[in-house]
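Inspection log for the structure reproduced underneath, given as structure tokens.
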Amino acid sequence: MRFYIDPGTGSMLFAILIGIVGALNYVFRVAIVKLRFLLSGGKNVSANDKVIPYAIFSDDKRYWNVFEPLCREFSRRGIDVVYLTASPDDPALSCQIPHVEAKFLGAGQMAFAKLNLIKATMVISTTPGLDVYQWKRSKDAKCYVHVLHAAGEVVLYRMFGLDYYDAVLVAGTFQQRDIRDLEELRGLPAKDIALAGIPYMDVMAARLKESGPVPEHPRTVLLAPSWGPSAIFARFGGQIIERLLATGYHVIVRPHPQSFKSEKDLIDTLMADYPASDQLEWNRDVDNFDCLRRSDVLVSDFSGVVFDFALVYDKPVIYTDPNFDLAPYDAWWLKRELWTQGALPRLGMQLTEEGMDNLKSLIDTCLEDPRFAQGRDQVRQEAWQCYGQGAQKTVDYLVAKHGEVVKQAQEVA
């Protein structure tokens with residue numbers, strides 16, 4: 001007879017197991033310290049001789065672009081960092097940046113099992129859900145800091161996404177407002193919030209400037225949706241590709257990387273029904289720089305690429321209705337319109353099922369109406385503060401916070 005355990009129960013059981021293992025590990029380490037103390041004749045023996053000053057955790061290789069600017073800034077200052085990844089093929093593992101030691105933790109739950117026992121002063125990550133599911137705060141980690149991996153909302157994480165971080169680095173005051181409101185609603189202590197910009201966008205903007213003008217090309221539309229039941233492919237299927245091809249423009253289709261895992265059958269069907277041709281290309285490049293640079297307009301939904309495209313590449317977007325079900329997300333608690341809902345109409349135009357027949361006209365208007373260029377300037381000021389200083393501001397904060405945490409620990413001791 002086989003037993004079935006649903007994912008939620010499995011996650012809970014795994015969390016209990018990790019808690020037990022962590023507690024036993026802690027008791028064991030305390031016992032070892034006491035034994036060493038006795039064997040040394042009563043001399044003080046530090047339990048923190050292998051504490052990592054700065055540990056960066058990435059749950060997926062696609063976030064290397066978020067952390068590489070930070071690693072290079074740490075390296076420039078001669079500060080040692082340990083980069084921990086859950087991807088065996090993370091570019092960080094072969095990058096060989098001075099002062100940066102990259103390690104593969106193991107995939108999935110193995111990575112979290114090790115993280116739950118980490119000894120570090122600072123743990124820096126872009127992964128939400130700390131202390132909610134399988135990722136637990138380590139008893140030997142002093143401070144957890146969340147950094148952004150996209151412009152836009154911080155309340156579109158699954159519920160309680162940032163609640164148990166000690167600090168969050170943001171790029172807009174609306175993000176700070178939302179975090180503070182959630183803290184008040186949930187009775188949480190106020191965490192550190194600092195404006196530090198978005199380092200990866202700074203790097204992308206500098207790279208774009210250095211690349212020079214885009215060569216002459218036919219008008220090009222990039223279709224880059226997110227994934228899941230509210231995303232473009234789930235809602236419109238192949239119809240969206242068919243209508244884009246009918247415009248006569250060149251079309252690049254770049255599905256979200258998760259779609260190839262969670263929606264494989266759907267993507268396989270679409271690629272078979274609409275094979276690559278002179279007019280249509282399917283893009284799976286790890287680095288999206290080239291296809292974003294070559295495209296004139298973006299069609300997407302609630303994907304973070306919307307803000308990359310509009311704010312860095314300074315081009316218009318066509319977006320689907322952002323009013324998806326907020327029930328699983330932190331935004332549900334706020335009972336107000338998302339900042340994104342006010343930002344998107346300034347970046348481009350909304351695509352509806354009724355307007356699908358006028359897609360070419362929609363594209364042309366977005367490209368030719370000057371009000372969208374003005375809107376992009378407004379949104380950039382709101383969502384990308386500390387422009388060009390993201391890595392410097394972030395590392396400035398981390399170094400200062402590290403000193404503060406160490407001082408507090410010494411005073412307690």
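- Here Phe104 pairs with Pro88, Leu93 under the side-chain contact (heavy atoms from CB on, under 4.5 Å) rule; sequence neighbours left out.
- A pairwise comparison of heavy atoms in Val317 and Val306 identifies CG1-O, 3.9 Å as the closest pair.
- Ring centroids of Phe74 and His99 are separated by 6.0 Å or more, keeping the two rings apart.
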Let me have the donor-acceptor pairs involving side chains of residues 158-173, under 3.5 Å, with sequence neighbours excluded, atom names and distances please.
residue, atom, partner, partner atom, Å
Asp163, OD1, Arg186, NH1, 2.9
Asp163, OD2, Arg186, NH1, 2.8
Tyr165, OH, Thr127, O, 2.4
Asp166, OD1, Arg137, NH1, 3.4
Asp166, OD1, Arg137, NH2, 3.4
Asp166, OD2, Arg137, NH1, 3.2
Asp166, OD2, Arg137, NH2, 3.0
Asp166, OD2, Tyr144, N, 2.7

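- Listed by chain and residue number, Arg380 satisfy the salt bridge (Lys or Arg N to Asp or Glu O under 4.0 Å) test with Asp377 (two or more places apart in sequence, or in another chain).
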* **side chain to side chain contact (heavy atoms under 4.5 Å, CB included) between Met349 and Ser361, worked out** => CA-CA 11 Å; Met349 301 181 73; Ser361 175; over 6 Å; no
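- Judged purely by atom type and a 3.5 angstrom limit, Gln392 has no side-chain atom pairing as donor or acceptor with the backbone of Gln389.
- The shortest side-chain heavy-atom distance between Gln175 and Trp339 does not fall under the 4.5 Å cut-off.
- Met204 has its side chain within reach of Tyr313: a pair of non-hydrogen atoms, C-beta onward, lies under 4.5 Å apart.
- Pairing each heavy atom of Arg293 with each of Gly212, the nearest pair is NH2-O, 3.3 Å.
- At distances below 3.5 Å, at least one donor-acceptor pair connects side-chain atoms of Asp301 with backbone N or O atoms of Ile232.
- Leu84 places a side-chain heavy atom less than 4.5 Å from the side chain of Ile118.
- Pairing each heavy atom of Gly238 with each of Tyr274, the nearest pair is O-OH, 3.3 Å.
- The CG atom of Leu105 sits 9.5 Å away from the CZ atom of Phe112 when rounded to the nearest 0.5 Å.
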* To do: Would you please test Lys114 and Lys103 for side chain to side chain contact (heavy atoms under 4.5 Å, CB included) and show each step?
  => CA-CA 12 Å; Lys114 293 180 179 178; Lys103 296 181 179 181; over 6 Å; no
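- Between Phe260 and Trp282, the ring center distance fails the sub-6.0 Å criterion.
- With hydrogens and angles disregarded, a donor-acceptor distance shorter than 3.5 Å links the side chain of His250 to the backbone of Asp278.
- Considering CH2 of Trp64 and CG of Asp89, their distance stands at 13.5 Å, rounded to 0.5 Å.
- A side-chain hydrogen bond (donor to acceptor under 3.5 Å, both in side chains) check over residues 403-413, counting only residues at least two apart or in different chains, returns the pairs Lys401-Glu404.
- Looking at every heavy atom in both residues, Ala102 comes nearest to Ala92 through CB-O, 3.4 Å.
- Listed for the Lys142 side chain is no donor-acceptor partner under 3.5 Å among the backbone atoms of Lys139.
- Classification of Asp287 and Arg207 as a salt-bridged pair holds, one side-chain N sitting under 4.0 Å from a carboxylate O.
- A distance of 5.0 Å separates CG of Leu115 from CZ of Phe57, quoted to the nearest 0.5 Å.
- With no hydrogens or angles considered, no side-chain donor-acceptor pair links Asp181 and Trp333 at under 3.5 Å.
- Residue Arg336 places its CZ atom among more than 12 non-hydrogen atoms of other residues, nucleotides or ligands, all under 6.0 Å distant.
- Panel note: side chain Ser58, backbone Asp60; a donor-acceptor pair is recorded below 3.5 Å.
- Note that CD of Gln134 is 13.0 Å distant from CE of Met110, once rounded to the nearest 0.5 Å.
- Checked by atom type and distance alone, the side chain of Ser211 pairs as donor or acceptor with a backbone atom of Leu208 at under 3.5 Å.
- Within 6.0 Å of OH in Tyr387 there are 12 or fewer heavy atoms belonging to other residues, nucleotides or ligands.
- Arg243 is not listed as a side-chain neighbour of Phe236, based on a closest heavy-atom distance of 4.5 Å or more.
- Between atom OH of residue Tyr83 and atom CD1 of residue Ile97 there is a gap of 9.5 Å, rounded to the nearest 0.5 Å.
- The side-chain heavy atoms of Tyr200 and Leu148, taken from C-beta on, include no pair separated by under 4.5 Å.
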I'd like a table of donor-acceptor pairs (distance under 3.5 Å, sequence neighbours excluded) in which one partner is a side-chain atom from residues 219-228, with atom names and distances.
residue, atom, partner, partner atom, Å
Arg219, NH1, Asp364, OD1, 3.0
Thr220, OG1, Pro218, O, 2.7

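- No side-chain heavy atom of Tyr329 sits under 4.5 Å from any side-chain heavy atom of Glu153.
- Closest non-hydrogen pair, Cys71 versus Ile56, comes out as SG-CD1, 4.0 Å.
- Within the 3.5 Å criterion, the main-chain N or O of Leu244 finds a donor-acceptor partner in the side chain of Thr247.
- Using bins of under 30°, 30° to 60° and over 60° for the plane-to-plane angle, the ring pair His146/His149 lands in the perpendicular bin.
- Contact of the Val155 side chain with the Leu326 side chain is not registered, since no non-hydrogen atoms from C-beta on lie closer than 4.5 Å.
- Side-chain contact check for Arg376 versus Pro316: some heavy-atom pair is nearer than 4.5 Å.
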* To do: Begin with the C-alpha distance, continue with both residues' side-chain angles, and end with the deciding distance and a verdict on side chain to side chain contact (heavy atoms under 4.5 Å, CB included) for Trp384 and Asp202.
  => CA-CA 9 Å; Trp384 191 3; Asp202 293 338; 3.1 Å; yes
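- Using a 4.0 Å cut-off between charged side-chain N and carboxylate O, Arg180 and Glu184 make no salt bridge.
- To the nearest 0.5 Å, the span separating CD on Gln279 from OH on Tyr249 amounts to 11.5 Å.
- Residues satisfying the salt bridge (Lys or Arg N to Asp or Glu O under 4.0 Å) test with Lys315, not counting sequence neighbours, are none.
- Of all heavy-atom pairs between Val395 and Leu70, the closest is CG2-O, 4.0 Å.
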* To do: List the steps, then state whether side chain to side chain contact (heavy atoms under 4.5 Å, CB included) holds for Asp59 with Trp135.
  => CA-CA 11 Å; Asp59 66 75; Trp135 186 18; over 6 Å; no
